[in-house]
K.L.:
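Quick one: the structure is below, questions incoming.
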Amino acid sequence: MPPVVRFAPSPTGFLHIGGVHTALFNWLFAHHEDGEFRLRIENTDTSREVAETVEQIQESLLWLGLDWDREVTFQLDRMEHCRKEAERLVAEGTAYEDEGAIRMRMPDEGVTAWDDLIRGRIEYPNEKLEDVVVVRADGRPTYNFASPVEDRLDSITHVLRGEDHISNTPKQIRILEALGAPPPEYGHLANILGEDGKKLSKRHGAISVEEFRRDGYLPGALVNFLALLGWSYDDKTTIMSRDELIERFTLERVGASPATFDYAKLDWLNGVYLRALSPEEYADTLLAYLREQGFEWDEGLVRAAAVLVQDKIAKLGDFPDFAGFLFGDVEVDVALLDGSASVLAEAEQELESLEPYTAETIEAGLRGLADRLELKPRAAFVPIRVAVTGSKVSPGLFESLELLGREKSVERIRNAKAAAA
RNA sequence: GCCCCCAUCGACUAGCGGUCCAGGUCACGGCCCUUUCAAGGCCGCAGCGCGGGUUCGAAUCCCGCUGGGGGCACCA
């Protein structure tokens, strides 16, 4: 029987990268096993629901390519069913009313245990199990009741969730038992921590899928990175396509210890993905990203600039800062131009007389200039770079000058020369 | 406080009793290349938390300790 798993976020905020990690492992497991991956929105507590997060969550998952089977289900829609089940338990005597709410009777001796898919046997002392409220006084079922009831309703076979749910599992097993339903298999994934060892949060940097998307990470890179947090294929494989991940993913190789989210490694991995794109794909991707972020820059120029930045930036979000000088005016820090008026004057003349005006002729001309002034190329090019790009760091100087065009290049150098004098 | 989970380089991890004086990747350091920044190449730094067992033999198994994390709601 093919497994059925689910990802069950609550609509209380944007999709957190930790949630994505859980979703991904469920998704990979389902696909590897030819099973089903379902999406369930756990919205029993309407008071905490944040508007539009239901749409955001779905959009984020789809952007990452984590699509689900069948239609999305909402916990609220199953309220009636949960209520009836609770009443049945009351009638059968395994639950009782208490101040308007309904509580499940829990055993108070022995242990409730299960063989965790990734942790092995876990035993939980029953004396620690309170009689949990399954239906609130206002008639709404609680999470700990609705969740197992729905797992049963949806024929969920494997519950893969965060380790913060470990203490809920014995309660849910007991509830299912009272309901006369066999419990699914449970597997508890380790948490993702921030660089300080604490639970990943806002102060660690990007945390929601929207933020990673806005910063210019590729979904494939993010998925690859997340897959490696708590799972590995072998002792040396790092880069894996979505299909390879699906083919290789097994619960057996999922670890139980918490992992730290390493932004530096994500940046490196994203760069690997970016560089692996063909020039055309790269330009398309960059253009789409810029459009999405609201930049109305000339397509032809973006495409031409794309070639110059592909192996220089780690994420698409770096492009505006790195190559923005091609699309708008620059501000030059005069301090960086100190003592370079003569170089700039020579450069201005050189560029004006070049024919044709191409990266090749520009390079030859400027190198000749450096020779004449008896300057190292390195030293001679700094002021020119600063004058034209506004920064000491930029794409290749000669290509940049060509792309910018003779007119603007000369104008910027002339202005810088005036400022440096 | 009680309960549960976890524990290999700074980080992610490989290791499922001998083939490990512990391998890979990121980060970091050095060198090379070089118009800046990257990218790329080469080299390097760095780890089995501690203490007891079990065993001919332990990073690997068991126990304790310590440390970290999570949970103890009519939140999810």
Side-chain angles (χ1 to χ4, degrees), chain A residues 8-12 41-45 47-49 75 98-103 116 118-120 122-125 127-130 132-147 161-171 188 190-193 195 197-199 225-239 252-253 255-269 271-272 274-275 308-314 318 322 362-363 366-367 370 376-382 384-386 389 391-401:
Chain A
S10 60
T12 51
I41 304 295
E42 307 217 308
N43 59 345
T44 51
D45 188 355
S47 67
R48 299 209 314 160
E49 189 163 339
Q75 204 153 62
D98 173 37
E99 295 195 29
I102 298 177
R103 282 183 189 276
D116 197 272
I118 64 191
R119 279 158 212 269
I122 295 181
E123 298 193 338
Y124 199 88
E127 57 176 328
K128 297 296 166 191
L129 294 179
E130 295 180 343
V132 296
V133 170
V134 295
V135 177
R136 301 176 173 91
D138 67 5
R140 283 154 47 227
T142 58
Y143 161 76
N144 266 320
F145 188 60
S147 190
R161 64 208 332 189
E163 65 176 324
D164 44 326
H165 283 286
I166 289 180
S167 57
N168 289 324
T169 300
K171 298 173 191 167
H188 293 90
N191 284 149
I192 305 297
L193 310 174
E195 268 147 353
K198 299 273 163 49
K199 207 168 167 186
F225 175 76
L226 251 17
L228 259 14
L229 250 32
W231 174 81
S232 65
Y233 173 56
D234 59 16
D235 62 340
K236 54 193 61 167
T237 311
T238 301
I239 309 297
E252 196 181 35
R253 297 197 61 83
S257 52
T260 304
F261 195 98
D262 184 352
Y263 288 88
K265 187 164 184 174
L266 205 215
D267 281 358
W268 166 77
L269 192 59
V272 169
L274 247 18
R275 274 172 252 125
L308 306 186
V309 305
Q310 185 163 7
D311 58 4
K312 289 178 180 285
I313 62 178
D318 294 337
F322 193 67
I362 292 169
E363 174 163 10
L366 292 185
R367 283 191 188 283
K376 293 206 165 180
R378 184 179 295 265
F381 299 162
V382 169
I384 302 174
R385 185 188 304 281
V386 169
T389 71
S391 168
K392 290 169 79 172
V393 177
S394 79
L397 181 59
F398 319 121
E399 292 81 2
S400 294
L401 286 166

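Here is how names work: the chains are called A, B, and so on, in the same order as the sequence lines, proteins then strands, and each is numbered from 1. Remember, it's a predicted structure, so these values are computed and weren't measured experimentally.
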K.L.:
Using a cut-off of less than 4.0 Å, is there contact between a side-chain N or O of R385(A) and OP1 or OP2 of C37(B)?
P.N.:
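R385(A) to C37(B) OP1/OP2: no side-chain N or O under 4.0 Å.
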K.L.:
Hey, which sits more toward the 5' end of RNA chain B by its nearest nucleotide, G120(A) or A101(A)?
P.N.:
G120(A)
K.L.:
Hey, does the side chain of S232(A) come within less than 4.0 Å of A14(B)'s phosphate (OP1/OP2), counting only N and O?
P.N.:
yes
K.L.:
Measuring to OP1 and OP2 of C4(B), would you say a side-chain N or O of S167(A) lies under 4.0 angstrom away?
P.N.:
no
K.L.:
List for me each residue that meets side-chain contact (heavy atoms from CB on, under 4.5 Å) alongside E130(A), sequence neighbours excluded, and say none if there are none.
P.N.:
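Listed in chain order: nothing, the list is empty.
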K.L.:
NZ of K236(A) versus P of C26(B): gap in Å, rounded?
P.N.:
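My rounded result for the distance is 14 Å.
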K.L.:
Contact class for E99(A) vs. all strands (heavy atom < 4.0 Å): base, sugar-phosphate, or nothing?
P.N.:
base
K.L.:
Under 5.5 Å centre to centre and under 30° between planes: does that hold for H188(A) and the six-membered base ring of G70(B)?
P.N.:
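Not stacked by the 5.5 Å and 30° rule.
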K.L.:
Does R103(A) place a side-chain N or O at less than 4.0 Å from the phosphate oxygens OP1/OP2 of C74(B)?
P.N.:
yes
K.L.:
Using a cut-off of strictly less than 4.0 Å, decide whether R253(A) has a side-chain nitrogen or oxygen near OP1 or OP2 of G15(B).
P.N.:
yes
K.L.:
Quick check: on RNA chain B, is the nucleotide nearest T237(A) upstream (toward 5') of the one nearest Y143(A), or the reverse? Name the residue that is more 5'.
P.N.:
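Result: T237(A).
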K.L.:
Expressed in angstrom and rounded to an integer, what is the separation of I192(A) atom CD1 from U13(B) atom P?
P.N.:
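Atom-to-atom, I192(A) to U13(B), this comes out as 8 Å.
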K.L.:
Within the structure shown, what part of the strands sits under 4.0 Å from K392(A) by heavy-atom distance: base, sugar-phosphate, or nothing?
P.N.:
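Result for K392(A) = base.
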K.L.:
In the structure shown, which nucleotide is the Watson-Crick or G-U wobble counterpart of A7(B), with both distances under 3.5 Å?
P.N.:
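In the structure as shown, A7(B) has U66(B) as its Watson-Crick or wobble partner.
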K.L.:
Below the 4.0 Å mark, does U34(B) have OP1 or OP2 next to a side-chain nitrogen or oxygen of R378(A)?
P.N.:
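No, no such contact exists.
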K.L.:
Identify whether any heavy atom of F398(A) sits under 4.0 Å from a base atom; if not, whether one sits that close to sugar-phosphate; answer base, sugar-phosphate or nothing.
P.N.:
base
